[in-house]
2 protein chains.
Amino acid sequence: MTSSAPAPEPPADDPGVESIGLDSDLGWAIRLVSGAFRRIATGSVAALPGGPRGYLVLMAVVSGPPRSQLAIAQQLALNKTVMTYLLDDLEAEGLLTRQPDPVDRRARRVLITEKGTRALDEARARLGMAEARLLGDLDPAEEQQLRQLLERVARTARLLEIDPAADCR
Amino acid sequence: MTSSAPAPEPPADDPGVESIGLDSDLGWAIRLVSGAFRRIATGSVAALPGGPRGYLVLMAVVSGPPRSQLAIAQQLALNKTVMTYLLDDLEAEGLLTRQPDPVDRRARRVLITEKGTRALDEARARLGMAEARLLGDLDPAEEQQLRQLLERVARTARLLEIDPAADCR
DNA sequence: TATTGTTATACTCTATAACTATA
DNA sequence: TATAGTTATAGAGTATAACAATA
């Protein structure tokens with residue numbers, strides 16, 4: 001229904017308003033894309049405890065050496081209290097284990113299990129198909145362009161924010 | 001310190017994991033960019049009641065003919081109850097007014113005030129500068145590319161969401 | 001004294017339902 | 001009966017603080 005009335009011309013007696021429109025607003029586009037991706041991704045990883053955040057935790061675990069809960073929380077910019085809840089649920093489902101760190105008995109290393117690996121693989125497959133649907137209008141070169149541009153902006157964002165993990169203490 | 005070390009290589013002795021990494025994950029990039037933009041935008045429009053959503057409401061009001069609260073809520077994909085709170089705050093600050101619809105006494109038309117126009121102009125200026133910072137690493141052509149790609153994906157997203165069962169399986 | 005992880009608590013945002021006044 | 005708008009309530013999600021165990 002939104003597409004029916006693009007509001008072609010506001011009266012435009014105000015010179016500053018003539019080019020105003022959410023359709024050309026970067027933040028609006030980001031909001032739409034981000035929201036759509038979030039909904040689609042939520043469906044794709046619904047089988048995982050914790051949903052999208054559970055998926056991020058599993059991804060972080062498999063994409064590096066065994067680390068402490070706090071290290072993973074900081075990598076994902078998640079609060080460490082949230083990490084406790086997420087790991088509780090993921091461990092209860094047998095997708096990962098918490099193993100005492102041999103050199104620091106305060107810390108616990110997070111390891112993925114065989115079942116967790118299978119669950120992550122399936123979630124990644126579903127997510128890949130959902131991404132393909134969302135990017136269906138783009139040809140491969142354009143999709144690659146979008147990924148690269150987003151990654152560069154993400155890097156800039158990381159530099160702009162003084163402490164990206166400020167809320168992970 | 002986080003930005004200095006992009007985690008150049010995980011050990012990668014597991015063949016199935018070699019290409020796994022959040023750095024190349026589209027959802028992760030969207031999450032980072034979206035989060036950064038949200039934080040930056042929140043600061044830019046902090047002077048407006050309702051913050052980013054108040055900004056969206058004002059933008060919607062000025063970018064079309066006078067409409068009902070419900071019409072604006074649908075355009076912005078906001079809940080109509082949220083719209084009530086937002087308009088309460090925006091009206092209390094004198095940025096817009098609710099005027100009874102002459103042809104439907106149930107409905108109320110939302111109009112921006114002179115003060116609201118000034119506040120919106122200032123917010124747009126701040127937001128433009130914040131956007132420029134976030135996109136500082138991109139040259140003008142690349143920025144244009146990113147905007148166009150995002151808008152196309154946003155259009156696809158809008159089409160996908162017409163079918164609510166498209167999420168999963 | 002500082003840090004890892006846990007628990008308890010509070011606050012924000014959002015969604016749902018019920019209510020009114022009109023149509 | 002259906003719709004525009006309001007109000008009240010409940011639920012996620014998230015942040016803060018206090019705590020125990022260890023460094």
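Proteins get letters first, then strands, A, B, ... in listed order; numbering begins at 1 in each. Being a predicted model, the structure only gives us computed values, none of them experimental. Side-chain atoms are counted along with the backbone in the values below, which use heavy atoms only and exclude waters and symmetry mates.
Here R98(B) lies in heavy-atom contact (under 4.0 Å) with sugar-phosphate atoms only. R109(A) comes within contact range of no nucleotide atom at all, as no heavy-atom separation falls under 4.0 Å.
For E143(A), the salt bridge (Lys or Arg N to Asp or Glu O under 4.0 Å) partners at least two apart in sequence or on another chain are R147(A). A search for side chain to side chain donor-acceptor pair (under 3.5 Å) contacts involving D101(A) returns nothing, not counting sequence neighbours. By the side chain to side chain donor-acceptor pair (under 3.5 Å) test, E151(B) pairs with no residue at all, sequence neighbours left out. For R98(A), the salt bridge (Lys or Arg N to Asp or Glu O under 4.0 Å) partners two or more places apart in sequence, or in a different chain, are D88(A), E91(A).
Rounding to whole angstrom units, CE of residue M83(A) and P of dT3(C) are separated by 19 Å. The interatomic distance linking D101(A) (CG) with dT22(D) (C1') rounds to 12 Å, in whole Å. Atom-to-atom, CG of L86(A) to C1' of dG5(C) comes out at 14 Å; the value is rounded to the nearest Å. If you take CZ of R67(B) and P of dA4(D), they are 15 Å apart, rounded to a whole angstrom. In this structure, L87(B) places its CG atom 12 Å from P of dT7(D), rounding to the nearest Å. Rounded to whole angstrom, the span from the CD atom of Q74(A) across to the P atom of dT3(C) amounts to 11 Å. Summarising the geometry, the separation between CG on D88(A) and P on dA8(C) is reported as 12 Å, rounded to the nearest angstrom. Regarding R38(B), its CZ atom lies at a distance of 10 Å from the P atom of dT14(C), rounded to whole Å.
Close to dT6(C), at under 4.0 Å from its OP1 or OP2, lies a side-chain N or O of R108(A). The side chain of T84(A) contributes an N or O atom lying less than 4.0 Å from OP1 or OP2 of dT6(C).
In terms of modelled atom types and a separation under 3.5 Å, the side chain of T113(A) and the main chain of L95(A) share a donor-acceptor contact.
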Sugar-phosphate means primed atoms, P, OP1 and OP2; the rest is base. With that split, encode nucleotides 15-23 of chain C 5' to 3' as B, S or - using protein heavy atoms under 4.0 Å. SBB----BS
Under 3.5 Å, which donor-acceptor pairs do the side chains of residues 41-60 of chain B form with other protein atoms, sequence neighbours left out?
residue	atom	partner	partner atom	Å
T42(B)	OG1	R38(B)	O	2.6
S44(B)	OG	I40(B)	O	3.1
Y55(B)	OH	D25(A)	OD2	3.2

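Annotation: the span from Q69(A) atom CD to L87(A) atom CG amounts to 5.0 Å, rounded to 0.5 Å.
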